[in-house]
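Let me begin by presenting the structure, written as structure tokens, before commenting on it.
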Amino acid sequence: TGSNNNYLQNNFLTSNPYGIRIFNSISNQIMGNTVNNSTSYAVYLKNSNNTIVDQNNVTNNNYGIYLYNAQNNSLTENTVANNTRIGIYVNTDSNNNNIQNNTLKGNQYGINTYNCLNNIIAGNFISNALSYGVYLSNSVQNTITLNTVNGCNSTGIYLNTNSNDNYILENILTSNLNGIIVRNSLNNFLSGNEVNNCSSYAFYLNNVNNTAISQNNITGSNYGLYLYNSQNNTVNQNTLFNNTRIGIYLNTNSNNNNI
């Protein structure tokens, strides 16, 4: 608590409950460390702001990098791999963070946000997640852009309940079970994404309203764009090619959409 302006660099931490743990502190730098086999959290920031977490190797832990009530932090160019639970977890009231250019491989979830707003998730490479590549729940006004998400066992990008007013822009999603799922949310903007070779749905919207889906390229999936119980959405200027089942499917109670 109250430990500010420290540099934690080039350390090797293995088989501890916590690798690096910082509470109630500001302006620290965590750089170039190797953290593995932590039974709880590899890097844990709580009530800590303006921290740089850069170029760390975080592998084979329970959780990788965890933020709780932590704002204005920068998580960049970390390698986060084969963690049992979540690679990068941005939890309650962790707002205005920049999560950029990280490599996440083989985690249960790649990047997860819960009850957060105004985070930027950009330019990350996420592969072989056992569940979701990027997962938002109850999170608003976030930007998810220019990420590459491949080979997830469930879904590349998932916006779950009350994840509103988010921008999902220019991501590349390939060979996931599902590409982009939005559920029980509204006022999102999905544009310029490349979604290819999904064995189930490229886009799946369930109980989604007032969302814009535009200028996406959707190819080689089972279903292209599927709406269920979704109203007042705008679907335009998308390219759908060589999908196995149906290009655009409007199912039960999907009314007043502009296609």
Side-chain angles (χ1 to χ4, degrees), residues 1-92 94-114 116 119-135 142 144-150 152:
T1 299
S3 299
N4 307 324
N5 300 303
N6 297 289
Y7 294 83
L8 288 76
Q9 293 179 294
N10 301 324
N11 299 287
F12 184 82
L13 304 102
T14 188
S15 300
N16 303 289
Y18 289 76
I20 298 170
R21 182 175 177 182
I22 299 178
F23 281 1
N24 301 324
S25 302
I26 60 170
S27 300
N28 293 291
Q29 296 189 32
I30 302 168
M31 301 178 67
N33 302 283
T34 296
V35 189
N36 56 39
N37 299 319
S38 304
T39 54
S40 292
Y41 301 90
V43 178
Y44 185 98
L45 306 179
K46 182 176 181 181
N47 304 330
S48 295
N49 305 327
N50 303 109
T51 299
I52 295 172
V53 182
D54 182 68
Q55 297 184 40
N56 300 282
N57 192 326
V58 178
T59 58
N60 297 311
N61 305 283
N62 188 29
Y63 286 88
I65 301 171
Y66 183 92
L67 277 63
Y68 186 92
N69 190 29
Q71 293 86 37
N72 300 303
N73 301 290
S74 178
L75 282 58
T76 55
E77 298 186 9
N78 301 284
T79 297
V80 184
N82 300 322
N83 297 287
T84 306
R85 301 290 294 278
I86 300 170
I88 297 175
Y89 192 0
V90 184
N91 205 343
T92 304
S94 293
N95 307 324
N96 304 307
N97 297 290
N98 180 34
I99 303 162
Q100 189 165 357
N101 297 333
N102 301 283
T103 299
L104 299 104
K105 299 183 291 186
N107 306 286
Q108 182 74 30
Y109 290 54
I111 299 171
N112 187 355
T113 80
Y114 174 75
C116 299
N119 294 292
I120 296 173
I121 300 172
N124 301 285
F125 182 84
I126 303 168
S127 63
N128 301 114
L130 301 181
S131 292
Y132 306 107
V134 179
Y135 182 89
N142 301 283
I144 302 172
T145 186
L146 299 172
N147 301 285
T148 299
V149 187
N150 296 331
C152 297

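In this structure, the side chain of Asn83 does not engage the main chain of Asn62 through any donor-acceptor pair within 3.5 Å. Between the side chain of Asn61 and the main chain of Ser38, a donor-acceptor pair closer than 3.5 Å is present. A donor-acceptor pair under 3.5 Å is absent between the side-chain atoms of Ser27 and the main chain of Asn5, judged by distance alone. Counting only distance, with no hydrogens or angles, the side chain of Asn49 and the backbone of Gln71 share a donor-acceptor pair below 3.5 Å.
Here the rule is side-chain contact (heavy atoms from CB on, under 4.5 Å) with Asn107, and of Ile126, Val80, Ile86 only Val80 fits it. Looking at Asn50, Ile26, Thr51 one by one, the single match for side-chain contact (heavy atoms from CB on, under 4.5 Å) with Asn4 turns out to be Ile26.
Contacts of Tyr68 classified as ring-ring contact (aromatic ring centres under 6.0 Å, His included), with partners at least two apart in sequence or in another chain: none. Legend: residues meeting side-chain hydrogen bond (donor to acceptor under 3.5 Å, both in side chains) with Asn112, ordered by chain and number and at least two apart, are absent. Here Asn47 pairs with Asn24, Asn69 under the side-chain contact (heavy atoms from CB on, under 4.5 Å) rule; sequence neighbours left out. Residues satisfying the side-chain contact (heavy atoms from CB on, under 4.5 Å) criterion with Gln100, sequence neighbours excluded, are Thr76, Asn98, Ala122. Tyr44 pairs by the ring-ring contact (aromatic ring centres under 6.0 Å, His included) definition with Tyr18, Phe23, Tyr41, Tyr66, not counting sequence neighbours. For Tyr63, the side-chain hydrogen bond (donor to acceptor under 3.5 Å, both in side chains) criterion is met by Arg85, not counting sequence neighbours. By the side-chain contact (heavy atoms from CB on, under 4.5 Å) test, Ser94 pairs with Leu67, Ala70, Val90, Asn97, Cys116, sequence neighbours left out. Annotation: side-chain hydrogen bond (donor to acceptor under 3.5 Å, both in side chains) contacts of Asn95 (sequence neighbours excluded): none. The ring-ring contact (aromatic ring centres under 6.0 Å, His included) test applied to Phe125 returns no partner, not counting sequence neighbours. Looking at residues two or more places apart in sequence or on another chain, you find a side-chain hydrogen bond (donor to acceptor under 3.5 Å, both in side chains) between Asn28 and Asn6. Residues passing the side-chain contact (heavy atoms from CB on, under 4.5 Å) test with Asn56, sequence neighbours excluded: Ile30, Asn33, Val53, Val58, Asn78.
From Asn101, atom CG reaches atom CG of Asn124 across 6.5 Å, with rounding to the nearest 0.5 Å. Atom CD1 of residue Ile120 and atom CG of residue Leu75 lie 12.5 Å apart, to the nearest 0.5 angstrom.
Closest heavy-atom contact between Glu77 and Asp54: CB-OD1, 3.9 Å. Nearest approach of Cys152 to Ser131, heavy atoms of both residues: CB-O, 3.8 Å.
Residues Ile121 and Thr113 meet the side-chain proximity criterion, which asks for heavy atoms closer than 4.5 Å.
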Does the pair Tyr89 and Tyr114 meet the rule for a side-chain contact (heavy atoms from CB on, under 4.5 Å), with working shown?
CA-CA 8 Å; Tyr89 192 0; Tyr114 174 75; 4.1 Å; yes
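Donor-acceptor pairing under 3.5 Å is recorded for the side chains of Asn36 and Thr14.
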